J.: 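This structure is in structure tokens; I'll ask about it shortly.
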Amino acid sequence: MMSETQDTIFGKIIRREIPADIIYEDELAIAFRDVNPQAPVHVLVIPKQPIPKLADAVPEDHRVLGHLLMTAKRVADQEGLSNGYRVVINTGEDGGQTVYHLHLHILGGRAMAWPPG
Ligand code: AMP
């Protein structure tokens with residue numbers, strides 16, 4: 001699908017072509033605040049490598065995928081989410097994904113409901 005192979009707004013954030021509130025970066029990943037926060041803390045963690053969605057990941061991506069989870073933990077610690085938090089990956093149309101550059105949502109600062117909508 002064209003929309004899943006083209007550059008996204010997150011690619012522009014990685015390249016500093018559009019502004020974002022970046023709170024963490026290393027060689028594999030970058031984390032920035034969601035522009036439309038759904039909780040007091042809402043951070044997105046993305047790989048610099050543009051995997052469109054989790055369903056497209058291949059076994060060779062295991063290192064970066066593990067790194068994203070460790071980055072989520074690091075960011076949660078950095079944000080002081082000692083009472084817990086939620087990590088979400090929306091995948092594809094039914095998953096509610098809107099930006100086709102794989103990303104983890106880190107949500108915290110309030111109690112989360114279950115099940116999600
Ligand atoms: P998803 O629906 O899982 O694909 O999530 C995409 C997320 O990206 C949404 O929560 C948006 O609010 C967020 N978002 C879109 N554009 C930007 C941007 N320029 N900076 C920060 N967050 C963004």
Side-chain angles (χ1 to χ4, degrees):
M1 267 180 279
M2 281 300 283
S3 64
E4 296 190 15
T5 55
Q6 286 174 343
D7 188 31
T8 68
I9 197 148
F10 292 173
K12 297 187 199 315
I13 287 173
I14 292 167
R15 297 191 303 272
R16 306 300 204 275
E17 290 169 11
I18 62 166
D21 187 357
I22 295 168
I23 63 168
Y24 176 79
E25 181 170 17
D26 61 30
E27 74 281 10
L28 293 178
I30 188 165
F32 51 92
R33 296 191 194 283
D34 196 293
V35 77
N36 182 24
Q38 301 301 312
V41 174
H42 188 173
V43 174
L44 301 175
V45 176
I46 71 173
K48 288 187 170 172
Q49 172 191 343
I51 301 167
K53 60 184 188 298
L54 185 60
D56 297 326
V58 295
E60 291 70 29
D61 294 328
H62 80 274
R63 179 166 176 259
V64 69
L65 294 177
H67 185 77
L68 294 176
L69 274 181
M70 289 308 297
T71 303
K73 177 194 146 145
R74 176 193 280 258
V75 164
D77 288 347
Q78 189 177 306
E79 292 293 305
L81 300 179
S82 57
N83 208 40
Y85 51 93
R86 183 166 291 172
V87 180
V88 172
I89 302 175
N90 296 327
T91 304
E93 198 175 340
D94 278 2
Q97 186 173 3
T98 58
V99 179
Y100 281 86
H101 182 126
L102 176 66
H103 51 281
L104 281 62
H105 295 258
I106 317 304
L107 296 146
R110 66 168 172 83
M112 299 294 150
W114 191 264

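Everything numeric here is computed off the predicted structure, so don't read it as measured data. In listed order, ligands and their atoms are each counted from 1.
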J.: List ligand 1 atoms under 4.0 Å from G96, heavy atoms only on the residue side.
T.: 2 (O)
J.: With a heavy-atom distance limit of 4.0 Å, tell me whether L44 approaches ligand 1 through its side chain, its backbone, both, or neither.
T.: side chain
J.: Would you mind checking if D56 and K53 are paired as a salt bridge, meaning a charged N to carboxylate O distance below 4.0 Å?
T.: yes
J.: Which of the numbered atoms in ligand 1 are under 4.0 angstrom from any heavy atom belonging to F32?
T.: 21 (C)
J.: Please work out, at 4.0 Å between heavy atoms, whether the side chain, the backbone, both, or neither of Q38 comes within that distance of ligand 1.
T.: neither
J.: With nothing but distance in play, are any N or O atoms of N90 less than 3.5 Å from an N or O of ligand 1?
T.: yes
J.: For H105, run the side-chain hydrogen bond (donor to acceptor under 3.5 Å, both in side chains) check against H42, R86, Q38 and tell me which one passes.
T.: H42
J.: If the condition is side chain to side chain donor-acceptor pair (under 3.5 Å), which residues does D21 pass it with, not counting sequence neighbours?
T.: R33
J.: Mark the output for I13 as yes if a heavy-atom distance to ligand 1 is under 4.0 Å, and as no if none is.
T.: yes
J.: Could you tell me, atom by atom, which parts of ligand 1 come under 4.0 Å of a heavy atom of T98?
T.: 1 (P), 2 (O), 4 (O), 5 (O), 6 (C)
J.: For D26 and R74, run salt bridge (charged side-chain N to carboxylate O under 4.0 Å, His left out): C-alpha distance rounded to whole Å, both residues' side-chain angles, the deciding distance at 0.1 Å, then the answer.
T.: CA-CA 12 Å; D26 61 30; R74 176 193 280 258; 5.6 Å; no
J.: Which residue from I9, V35, I89 reaches closest to atom 21 (C) of ligand 1 through any of its heavy atoms?
T.: V35
J.: Geometry only, no angles: is H42 polar-contacting ligand 1 at N/O separations under 3.5 Å?
T.: no
